[in-house]
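Note that the coordinates shown come from a computational prediction; the quantities given were computed from them, not determined experimentally. Counting begins at 1 with the first residue of the sequence.
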Amino acid sequence: DYIHIDDVVWSYEQILTLREVHVLNIASGQGVSTRALIEYMQGRDILLKLNYADNANEISTCVASNELTEKLLGSHNYLSVFSYLVEHLD
């Protein structure tokens, strides 16, 4: 789950207005794998030096739930990592 710093700042600004918050996931809720990012950049002829580690014990998917965050802070249009890459790399 990749999240832009501007989205983190927005979330913190909203949290500061709340009276009682215990634990919240500050996350986009958009599942994007590192592999998908690598393939995206390689598909645009961006050369990457990759060094793969043994990942036998890695989890296959991890997407933060932002359901409670959206309930408390309201809906937010998080910047997609791919939108960011299109804007800054293409």
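With values rounded to the nearest 0.5 angstrom, Thr69 atom OG1 is found 11.5 Å from Gln14 atom CD. Expressed to the nearest 0.5 Å, how far OG of Ser33 lies from CD of Glu39 amounts to 7.0 Å. Leu85 contributes atom CG, which lies 8.0 Å from atom OG of Ser80 (distance to the nearest 0.5 angstrom). Once rounded to the nearest 0.5 Å, the distance linking OH of Tyr52 with CZ of Arg35 reads 6.5 Å.
In terms of heavy atoms, Leu72 sits closest to Leu18 at O-CD2, 4.0 Å.
Counting heavy-atom neighbours within 6.0 Å of Tyr84 OH, excluding the residue itself, gives a total of 12 or less.
Counting only heavy atoms from C-beta outward, the side chains of Leu79 and Asp6 never approach each other to under 4.5 Å. Annotation: side chain of Gln42 is in contact with side chain of Leu50 (closest heavy-atom distance under 4.5 Å). Side-chain contact between Tyr40 and Val81: absent, with no pair of heavy atoms (C-beta onward) separated by less than 4.5 Å.
Connection of Leu68 to Ile3 is established within a shared hydrophobic cluster, with ILVMFWY side chains joined at heavy-atom distances below 4.5 Å, either directly or through further cluster members. Val23 and Ile15 are members of different hydrophobic clusters when ILVMFWY side chains are connected at heavy-atom separations under 4.5 Å. Hydrophobic clustering, with ILVMFWY side chains joined whenever heavy atoms are under 4.5 angstrom apart, keeps Ile38 apart from Leu47.
In this structure, the side chain of Asn25 does not engage the main chain of Ala64 through any donor-acceptor pair within 3.5 Å.
Checked by atom type, the side-chain pair Thr34/Tyr2 shows a donor-acceptor distance below 3.5 Å.
No option in Val9, Val8, Asn66, Asp7 other than Val8 meets the side chain to side chain contact (heavy atoms under 4.5 Å, CB included) test with Ile26.
Aromatic ring pairs are classed by plane angle as parallel below 30°, tilted from 30° to 60° and perpendicular above 60°; the pair Trp10 and His76 is parallel.
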Checklist entry - When you look at His4 and Tyr78, which way does the ring-ring contact (aromatic ring centres under 6.0 Å, His included) test go after all the steps? => result CA-CA 8 Å; His4 193 275; Tyr78 292 94; over 10 Å; no

